[in-house]
Enquirer: 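This is the structure, below, for whatever I ask next.
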Amino acid sequence: MSDNESRLRPGDRALVVRAAIGCVLVLALVVVGMLLPHPGISTVRGWADSTGTWFVVLFLVAHTVVTVFPIPRTMFTVSAGVLFGPIGILLCMVASTAAAVIAFLAVRAVDERHPSVVLARVREHRAYLPIAARLRARGWLAVGSLRLIAVAPFSLVNYASALSPVRFWPYLAATVAGLAPGTIAVVLLGDALTGESSPWLVVVSGALMAVGIAGLLLDARMPARPEA
């Protein structure tokens with residue numbers, strides 16, 4: 001085993017492997033979907049285009065509110081590509097960032113008043129302890145790496161960050177930077193499913209997912225340092 005491999009801890013290795021498998025499965029499903037007839041998706045896109053601004057606002061609000069809670073945001077990200085095309089990237093970035101901010105501030109505020117209650121509820125999730133350990137070791141850098149590819153539940157990263165020493169502004173910056181590659185990739189895949197966009201979007205999505213995995217791998221190889 002090389003020195004580089006030895007520096008990749010088992011927990012980090014599992015995250016990288018899980019992210020790679022997840023990306024391959026998503027790409028495979030989208031490719032299959034593109035090869036099969038899907039007139040229904042094109043019809044839905046046409047309906048969304050005809051509804052006007054109110055539907056965009058409703059989607060944005062629903063995405064934000066729902067993903068504050070422990071509900072996967074992937075359905076919104078894919079739907080944004082199907083319904084709105086590339087503009088769905090902006091919608092998802094705004095909604096996901098807003099949800100992350102609301103969850104962070106709300107959990108931190110409640111934790112200041114009822115710390116035992118919040119911590120007890122969050123710790124029930126089996127993924128909390130590994131996420132909390134990464135946050136203690138890397139601070140806001142862990143926030144960014146955990147956002148790159150969805151290896152951990154979006155809402156749980158929000159809650160765990162609020163319970164950690166991570167400061168708000170670094171958390172916000174890391175959230176935006178970390179969300180971008182995966183969000184763009186999945187929205188473009190959703191757009192590709194309509195059959196109205198270039199098949200090269202799948203290639204672009206794959207490249208962005210590779211960037212996310214590379215970032216996660218780089219973070220896993222970096223020495224852990226406590227946040228200053």
Side-chain angles (χ1 to χ4, degrees), residues 15 19 22 26 48 53-84 87-136 138-187 189-190 212:
L15 288 177
V26 169
T53 306
W54 70 267
F55 183 70
V56 177
V57 174
L58 180 61
F59 180 90
L60 185 64
V61 172
H63 186 344
T64 301
V65 172
V66 170
T67 49
V68 167
F69 301 96
I71 299 173
R73 73 187 189 98
T74 306
M75 61 179 181
F76 283 102
T77 314
V78 175
S79 297
V82 172
L83 295 171
F84 308 112
I87 196 176
I89 295 170
L90 177 61
L91 295 176
C92 286
M93 286 297 299
V94 170
S96 296
T97 302
V101 168
I102 293 170
F104 181 92
L105 295 178
V107 170
R108 183 157 286 187
V110 173
D111 183 58
E112 290 177 356
R113 295 170 175 79
H114 309 285
S116 60
V117 175
V118 175
L119 187 58
R121 297 295 291 272
V122 175
R123 283 175 65 98
E124 291 177 359
H125 199 294
R126 63 179 182 178
Y128 170 74
L129 291 179
I131 292 174
R134 289 175 71 88
L135 289 167
R136 286 194 301 271
R138 302 185 188 283
W140 60 269
L141 288 173
V143 177
S145 67
L146 288 168
R147 303 292 198 197
L148 284 171
I149 296 293
V151 294
F154 176 76
S155 59
L156 189 61
V157 175
N158 299 336
Y159 307 156
S161 298
L163 297 172
S164 76
V166 175
R167 296 184 294 274
F168 173 74
W169 290 111
Y171 165 82
L172 177 59
T175 292
V176 173
L179 284 176
T183 298
I184 295 171
V186 177
V187 171
L189 288 176

Enquirer: Measure the spacing between OG of Ser161 and CG of Leu135 and express it to the nearest 0.5 Å.
Expert: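 That separation rounds to 4.5 Å.
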
Enquirer: Who passes side-chain contact (heavy atoms from CB on, under 4.5 Å) against Pro72, sequence neighbours left out?
Expert: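 For Pro72, no residue satisfies side-chain contact (heavy atoms from CB on, under 4.5 Å) once neighbours in sequence are set aside.
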
Enquirer: First locate atom CG of Leu146, then atom CG of Asn158, and finally report the distance between them rounded to the nearest 0.5 Å.
Expert: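 Rounded to the nearest 0.5 Å, the CG-CG separation comes to 11.0 Å.
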
Enquirer: Under 3.5 Å, sequence neighbours excluded: what are the donor-acceptor pairs made by side chains of residues 91-106?
Expert:
residue, atom, partner, partner atom, Å
Ser96, OG, Arg73, NH1, 2.9
Ser96, OG, Cys92, O, 2.9
Thr97, OG1, Met93, O, 2.7

Enquirer: Does Tyr159 have any side chain to side chain donor-acceptor pair (under 3.5 Å) partners at least two apart in sequence or in another chain, and if so, which?
Expert: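 Applying side chain to side chain donor-acceptor pair (under 3.5 Å) to Tyr159 gives none.
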
Enquirer: Should Val187 and Phe84 count as side-chain neighbours, where that means a heavy-atom distance under 4.5 Å?
Expert: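 No. Closest side-chain heavy atoms not under 4.5 Å.
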
Enquirer: Any chance you could measure Arg147, atom CZ, to Leu179, atom CG, to the nearest 0.5 Å?
Expert: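 One finds 5.5 Å between CZ of Arg147 and CG of Leu179.
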
Enquirer: Where is the tightest heavy-atom contact between Arg167 and Pro170, given as atom of each residue plus distance?
Expert: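 Closest approach of Arg167 to Pro170, heavy atoms only: O-CD, 3.4 Å.
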
Enquirer: Identify, with sequence neighbours excluded, every residue that meets ring pair (Phe, Tyr, Trp, His ring centres under 6.0 Å) alongside Phe76.
Expert: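 Per chain and number, Phe76 pairs via ring pair (Phe, Tyr, Trp, His ring centres under 6.0 Å) with Phe59, His63.
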
Enquirer: OG1/Thr77 to CD1/Ile184 distance, rounded to the nearest 0.5 angstrom?
Expert: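 It is 12.0 Å, given to the nearest 0.5 Å.
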
Enquirer: Give, for atom CG of Leu60 and atom OG1 of Thr64, the distance between the pair rounded to the nearest 0.5 Å.
Expert: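 The OG1 atom of Thr64 is 4.5 Å from CG of Leu60, to the nearest 0.5 Å.
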
Enquirer: Quick one: side-chain hydrogen bond (donor to acceptor under 3.5 Å, both in side chains) pairs with a partner in residues 101-114, sequence neighbours left out?
Expert: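 Those involving residues 101-114 do not exist here.
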
Enquirer: What pairs with Trp169 under side-chain contact (heavy atoms from CB on, under 4.5 Å), at least two apart in sequence or on another chain?
Expert: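 For Trp169, the residues satisfying side-chain contact (heavy atoms from CB on, under 4.5 Å) (neighbours in sequence not counted) are Leu172.
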
Enquirer: Answer yes or no: is there a side-chain heavy-atom contact under 4.5 Å between Pro181 and Leu148?
Expert: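 Yes, side chains in contact.
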
